[in-house]
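This report refers to the structure that appears directly beneath it.
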Amino acid sequence: MARPVWSGTISFGLIAIPVKLFHAVRKQNVSFNQLDERNMARIRYRKVNAETGDEVTEEHIVKGYEVAKGRYVVVDPDELEPFMPVATKSIDLEEFVDLAEIDPVYFDTAYHLAPDGVPKPYVLLARAMEQSGKVAIGRFVMRNKQYTAAIRAEEGRLVMSSLAYADEVVDPADIEELQGLDDVEVNGREVMMAESLVASLSSDFEPHRYHDEYREQVMALIQMKADGEEWEVPETAAEKPNVVDIMAALEASVAAAKESRARHPTGDLPMSVSTKADIAAAAKKSAAKKRVVKPRAKQPAAKKSAPKRAGAKKQAAKQVAQKTTVKQVAKKSRAKAGAKKSA
């Protein structure tokens with residue numbers, strides 16, 4: 001059963017709606033403890049002085065902010081007290097905006113807002129927001145920290161997301177690798193192929209199809225070891241980077257996506273329509289068909305030639321056999337013609 005993490009009221013104008021706050025997302029992680037392999041006891045951490053190595057008790061620990069390398073400004077908790085936000089137990093709505101105006105990068109932690117008591121005011125606000133298509137922006141305090149939040153209506157319910165502050169969002173202009181993208185040239189055919197790939201992979205979003213495969217595999221391993229089953233670490237070959245022609249890769253990807261959809265007409269696609277290796281192999285094959293091979297000039301035979309591939313050997317032998325057969329047929333034909341004339 002879910003437990004509320006905060007309770008208070010949604011306040012705007014002269015209206016106050018009692019609500020409870022519940023986490024909308026539960027993070028699922030695999031946590032490990034550090035152990036001493038000699039007796040499997042937990043490893044504990046101590047607070048020690050970085051210079052002397054001596055353990056420091058709580059009464060000698062103070063808070064300091066590093067203003068320069070090795071230089072700290074010590075701040076007493078009593079000095080911070082006047083700046084602590086007042087816990088008003090209220091989500092104060094300041095304005096209503098369109099959801100499209102909020103960049104998704106600002107959304108942080110999600111919560112469910114549930115009515116606390118009489119549900120009618122809650123339902124009235126949810127329906128009004130849903131029909132108007134507006135999102136409420138407000139502020140609230142939780143655990144001595146002030147948050148900005150966005151509240152949106154969804155199927156008669158209110159969902160709240162805390163928002164990052166503007167100075168916390170990284171400006172793309174500060175990322176060097178993102179500069180100059182407007183100067184990159186792509187032709188119309190490449191864009192059309194990319195759009196075709198996007199269209200071939202387009203479908204409705206179904207969250208249940210995506211899951212943490214790593215966590216599931218780790219938990220399966222832990223269960224096997226707990227049950228006393230043997231486990232051998234499989235050998236993994238290092239995957240080499242494979243550079244292929246972008247058009248060939250796009251065409252191969254589109255073909256693979258269409259083939260996958262043909263195998264799954266109900267739209268129940270697998271997690272991945274094809275692996276990177278499959279796409280790369282198909283791209284190579286597609287590129288090989290389009291490649292025009294120019295005849296090479298004859299070169300003097302080297303003393304030692306590199307061994308050819310088995311496929312190349314078979315192809316060469318086949319060509320020689322075909323040439324020999326043609327010569328033999330021509331020779332027999334000429335012999336028969338000469339015999340007729342002499343007769």
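- Residue Arg215 places its CZ atom among more than 12 non-hydrogen atoms of other residues, nucleotides or ligands, all under 6.0 Å distant.
- Using cut-offs of 30° and 60° for the angle between ring planes, the Phe96 and Phe12 rings count as perpendicular.
- When side chains are defined from C-beta on, Leu197 counts as touching Ser200, because their heavy atoms get closer than 4.5 Å.
- Between Val86 and Val141, the closest side-chain pair of non-hydrogen atoms is not below 4.5 Å.
- Between Ile222 and Phe32, some side-chain heavy-atom pair lies under the 4.5 Å cut-off.
- Defined by atom type and a distance below 3.5 Å, a donor-acceptor pair is missing between the side-chain atoms of Asn29 and Ser31.
- The line from CD of Gln28 to CD of Glu216 is 10.5 Å long, rounded to the nearest 0.5 Å.
- Of all heavy-atom pairs spanning Ala126 and Gly156, the tightest one is CB-O, 3.6 Å.
- Taking CG of Leu125 as the reference point, atom CD of Glu130 lies at 11.0 Å (rounded to 0.5 Å).
- Ile17 CD1 to Ile91 CD1: the interatomic distance, rounded to the nearest 0.5 Å, is 10.0 Å.
- Put simply, the residue from Glu55, Glu58, Glu59 that forms a salt bridge (Lys or Arg N to Asp or Glu O under 4.0 Å) with Lys47 is Glu58.
- Val97 approaches Glu101 most closely through the heavy-atom pair CB-OE1, 3.8 Å.
- The side-chain heavy atoms of Val135 and Ile102, taken from C-beta on, include a pair separated by under 4.5 Å.
- Listed here is the closest heavy atom pair of Arg26 and Ala2: NH2-CB, 3.9 Å.
- Within the 3.5 Å criterion, the main-chain N or O of Glu176 finds no donor-acceptor partner in the side chain of Gln179.
- For the atom pair CD1 (Ile10) and CG (Asp116), the distance works out to 11.0 Å, reported to the nearest 0.5 Å.
- In the hydrophobic clustering of ILVMFWY residues, with side-chain heavy atoms under 4.5 Å counting as a link, Val5 and Leu113 come out together.
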field: Trace of the side-chain contact (heavy atoms from CB on, under 4.5 Å) decision for Leu163 with Ile137
entry: CA-CA 9 Å; Leu163 301 176; Ile137 304 297; 4.3 Å; yes
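- A continuous path of ILVMFWY side-chain contacts below 4.5 Å connects Tyr214 to Val30, so both sit in one hydrophobic cluster.
- Glu79 and Pro82 get closest at one heavy-atom pair: O-CD, 3.4 Å.
- The shortest non-hydrogen separation linking Lys89 to Ser7 is CD-O, 3.0 Å.
- Side chains of Met129 and Leu158 form a contact here, defined as non-hydrogen atoms less than 4.5 Å apart.
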message: One pair to check against side-chain contact (heavy atoms from CB on, under 4.5 Å): Glu190 and Asn187. What are the steps and the verdict?
response: CA-CA 6 Å; Glu190 291 173 337; Asn187 59 50; 3.1 Å; yes
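- No donor-acceptor distance shorter than 3.5 angstrom exists from the side chain of Ser196 to the backbone of Met192, with no hydrogens or angles considered.
- A donor-acceptor pair is defined here as one N or O able to donate and one able to accept, closer than 3.5 Å; such a pair exists between the side chain of Glu168 and the backbone of Tyr165.
- Taking the side chain as every heavy atom from C-beta outward, Lys120 and Pro115 never approach each other to under 4.5 Å.
- Within the 4.5 Å cutoff, the side chain of Val48 has no heavy atoms near those of the Asp54 side chain.
- One finds the OH atom of Tyr65 at 12.5 Å from the CZ atom of Arg71 (value rounded to the nearest 0.5 Å).
- Atom CE of Met224 and atom CE of Met219 lie 13.5 Å apart (nearest 0.5 Å).
- Between the side chain of Asp98 and the backbone N or O of Ala100, no donor-acceptor pair lies under 3.5 Å.
- Counting heavy atoms from C-beta outward, Phe140 and Lys145 have side chains that stay 4.5 Å or more apart.
- Following chains of ILVMFWY side-chain contacts shorter than 4.5 Å, one can reach Val105 starting from Leu99, so the two form part of one hydrophobic cluster.
- No donor-acceptor distance shorter than 3.5 angstrom exists from the side chain of Gln223 to the backbone of Asp227, with no hydrogens or angles considered.
- Counting all heavy atoms, side chain and backbone alike, Tyr147 lies closest to Ser162 at CD2-CB, 4.3 Å.
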field: Test side-chain contact (heavy atoms from CB on, under 4.5 Å) applied to Arg209 and Ser203, step by step
entry: CA-CA 12 Å; Arg209 291 175 52 206; Ser203 65; 4.2 Å; yes
task: Would you sort out whether Asn39 and Asp36 count as a side-chain contact (heavy atoms from CB on, under 4.5 Å), showing the intermediate values?
output: CA-CA 6 Å; Asn39 61 355; Asp36 188 332; 3.6 Å; yes
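- Note: Trp6 and Tyr111 fail the aromatic proximity criterion, with ring centroids not under 6.0 Å apart.
- If you chain together hydrophobic residues whose side chains sit under 4.5 Å apart, Phe22 and Val159 never meet in one group.
- No single ILVMFWY cluster, assembled from side-chain heavy atoms under 4.5 Å apart, contains both Met142 and Met84.
- Summarising the local packing, CZ of Arg157 is surrounded by more than 12 heavy atoms from other residues, nucleotides or ligands at distances under 6.0 Å.
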